Amino acid sequence: MAKLGKRTASAREIFAGKANLSVEDALSLVKQAATAKFDETVEIALNLGVDPRHADQMVRGVVQLPNGTGKTVRVAVFARGAKADEAKAAGADIVGAEDLMETIQSGKIEFDRCIATPDMMPLVGRLGKILGPRNLMPNPKVGTVTMDVKSAVEAAKGGEVQFKVEKAGVVHAGIGKVSFEPAKLAENLRAFVGAVNRAKPAGAKGTYLKKVSVSSTMGPGVSVDLTSATAEA
C-alpha cells in the first residue's frame, strides 16, 4: 500500500469516525482539513434514488447560489447582430456564430458556460458530440437557450450553478471556496440541496434524497445529516 502524504494522513485523521454531521459542523471540518496552497473549492455530492437511464427519472436544473461560487465563469454566446452586441455588453467572454463553431470544432474550448439564441440552435446542434459530454450544450430547460442573453450572461457570471444527475444517480457541484465565511457556505449548500429537491422527477420512486456529502478539492468527504441539509436557509 502506498504511503500517505502528511497532509492526506492529517486530513483523514481529522475526519476519522465522523459522519452525518450538521451542515455547519461538516463545513467546519472541511475548512479545517483544506490545507492546499490554493483556495480549494467546497464540493457537494448528492446520492439520489433515481435511474437516469429512464427519461422520467432524469434530474437537471439550475440554481442561483446566494453567495456565488467564488469562481470566475467564462461565458460563450452563440448570437448574431443586436443579440451578439447585447451579449458582449453583458460581459460575455466569447461571442460568435460560424466562427465560434469552427473554433470549438478545432478543439479550442475556452469557456465554462455556453448560451445560444434559439435561432442559433441548428448551428450549435452540430456541436452536440463535443459540447454534450462536457455538459456545455445549451438547453432551454436551464435557461441557456434564450433571447434574453443579457440575463443569461449575468446569471452565469453571478453564481448560477447548473446540475445534472450522472449515471450512478449522483449530482455534484462546487458551492463556494474554503475561504468563504461558514454561514455563506451553509446558505449556498442549503440553496443547492433545495433546488435539487425541487427538481425531483415524476418517475422517482421511494427515497429520493439518499445521502449528502461535502469535501474540498483535495480533501476527503464527510456525510451531512439530511434534516440539517434540507432545513430552510
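Start at 1 with the first residue, then count along the sequence. These numbers were taken from a predicted model, which means no experiment stands behind them.
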Asker: Quick check: do Pro201 and Asp56 have side-chain heavy atoms less than 4.5 Å from each other?
Answerer: no
Asker: Work out which heavy atom in Phe180 is nearest to a heavy atom in Thr69; give both atom names and the distance.
Answerer: CZ-C, 3.7 Å
Asker: Run the numbers on Val193 and Leu209 for side-chain contact (heavy atoms from CB on, under 4.5 Å), then give the verdict.
Answerer: CA-CA 9 Å; Val193 173; Leu209 183 59; 4.0 Å; yes
Asker: Which distance, rounded to the nearest 0.5 Å, do you find between the CG of Leu131 and the CD1 of Ile109?
Answerer: 6.0 Å
Asker: Counting only heavy atoms from other residues, nucleotides and ligands, does the tally under 6.0 Å from NZ of Lys157 exceed 12?
Answerer: yes
Asker: Measuring from Glu110:CD to Arg74:CZ, what's the distance to the nearest 0.5 Å?
Answerer: 6.5 Å
Asker: Are Val59 and Leu226 linked, directly or through intermediate hydrophobic residues, by side-chain heavy-atom contacts shorter than 4.5 Å (ILVMFWY only)?
Answerer: yes
Asker: Flag yes if Val214 and Val170 sit in one hydrophobic cluster, no otherwise; membership is Ile, Leu, Val, Met, Phe, Trp, Tyr, and two members link when side-chain heavy atoms are under 4.5 Å apart.
Answerer: no
Asker: Test side chain to side chain donor-acceptor pair (under 3.5 Å) on Thr146 and Asp148; report intermediate values, then the result.
Answerer: CA-CA 5 Å; Thr146 177; Asp148 190 359; 5.6 Å; no
Asker: Following the transitive rule for hydrophobic clusters with a side-chain heavy-atom cut-off under 4.5 Å over Ile, Leu, Val, Met, Phe, Trp and Tyr, establish whether Val63 and Leu185 coincide in one cluster.
Answerer: yes
Asker: Under a 4.5 Å side-chain heavy-atom rule over Ile, Leu, Val, Met, Phe, Trp and Tyr, are Ile115 and Phe163 clustered together?
Answerer: no
Asker: Give, for atom NZ of Lys200 and atom CD of Gln57, the distance between the pair rounded to the nearest 0.5 Å.
Answerer: 11.0 Å
Asker: Which atom pair, heavy atoms only, marks the closest approach of Pro52 to Glu166?
Answerer: CG-O, 3.1 Å
Asker: For the backbone of Lys177 and the side chain of Asp39, can you confirm whether one donor and one acceptor N or O come within less than 3.5 Å of each other?
Answerer: no
Asker: Just so I know, are the side chains of Lys164 and Val142 near enough to count as touching, which here means a heavy-atom distance under 4.5 Å?
Answerer: no
Asker: Which heavy atom of Gly174 sits nearest a heavy atom of Leu65, and at what distance?
Answerer: O-CD1, 4.0 Å
Asker: Take atom CD of Gln64 as the centre, draw a 6.0 Å sphere, and report whether it contains more than 12 heavy atoms from other residues, nucleotides or ligands.
Answerer: yes
Asker: Are Lys37 and Met218 close enough that some pair of their side-chain heavy atoms sits under 4.5 Å apart?
Answerer: no
Asker: Is there a donor-acceptor pair under 3.5 Å between the side chain of Glu43 and the backbone N or O of His172?
Answerer: no
Asker: Could you tell me whether the side chain of Asn67 and the main chain of Lys184 form a donor-acceptor pair under 3.5 Å?
Answerer: yes
Asker: What distance separates Arg134 CZ from Lys129 NZ, expressed to the nearest 0.5 Å?
Answerer: 14.0 Å
Asker: For the pair Asn47 (side chain) and Gly169 (backbone), establish whether a donor and an acceptor sit closer than 3.5 Å, ignoring hydrogens and angles.
Answerer: no
Asker: Is it the case that Ser228 and Asp225 place a side-chain donor and acceptor less than 3.5 Å from each other?
Answerer: no
Asker: Check the pair Phe111, Val75 against side-chain contact (heavy atoms from CB on, under 4.5 Å), reporting the backbone distance first and the verdict last.
Answerer: CA-CA 5 Å; Phe111 54 88; Val75 179; over 6 Å; no
Asker: I need the Met101 CE to Leu123 CG distance, nearest 0.5 Å.
Answerer: 5.0 Å
Asker: Short question: side chain of Thr217, backbone of Thr41 - any donor-acceptor pair under 3.5 Å?
Answerer: yes
Asker: Where is the tightest heavy-atom contact between Val77 and Leu100, given as atom of each residue plus distance?
Answerer: O-CD2, 3.7 Å
Asker: Going through the checks in order, is the side-chain contact (heavy atoms from CB on, under 4.5 Å) test met by Lys83 and Asp119?
Answerer: CA-CA 11 Å; Lys83 287 297 172 183; Asp119 58 298; over 6 Å; no
Asker: Between Glu181 and Lys31 (salt bridge meaning N to carboxylate O under 4.0 Å), is one present in this structure?
Answerer: no
Asker: Could you tell me whether a side-chain N or O of Arg113 sits under 3.5 Å from a main-chain N or O of Glu160, the two making a donor and an acceptor?
Answerer: yes
Asker: Looking only at atom types and distance, does a side-chain atom of Ser22 sit under 3.5 Å from a main-chain N or O of Asp25, one as donor and one as acceptor?
Answerer: yes
Asker: Can a side-chain donor-acceptor contact be found between Gln162 and Asn135 if the only test is distance below 3.5 angstrom?
Answerer: no
Asker: How far apart are the closest heavy atoms of Ser215 and Gly221, and which atoms are they?
Answerer: CB-CA, 3.7 Å
Asker: First locate atom CD1 of Ile104, then atom CZ of Phe78, and finally report the distance between them rounded to the nearest 0.5 Å.
Answerer: 3.5 Å
Asker: Sub-3.5 Å donor-acceptor pair from the side chain of Asp99 to the main-chain atoms of Ala97, do we have one?
Answerer: yes
Asker: Looking only at atom types and distance, does a side-chain atom of Thr144 sit under 3.5 Å from a main-chain N or O of Asn139, one as donor and one as acceptor?
Answerer: yes
Asker: Which atom pair, heavy atoms only, marks the closest approach of Val178 to Ser216?
Answerer: CG1-CB, 4.2 Å
Asker: Is there a path from Val73 to Phe192 through hydrophobic residues (I, L, V, M, F, W, Y) whose side chains come within less than 4.5 Å of each other?
Answerer: no
Asker: Without swapping roles, check the side chain of Ser223 against the backbone of Asn20 for a donor-acceptor pair under 3.5 Å.
Answerer: yes
Asker: Can you name the one residue among Val196, Val161, Ile175, Val224 that meets side chain to side chain contact (heavy atoms under 4.5 Å, CB included) with Ile44?
Answerer: Ile175
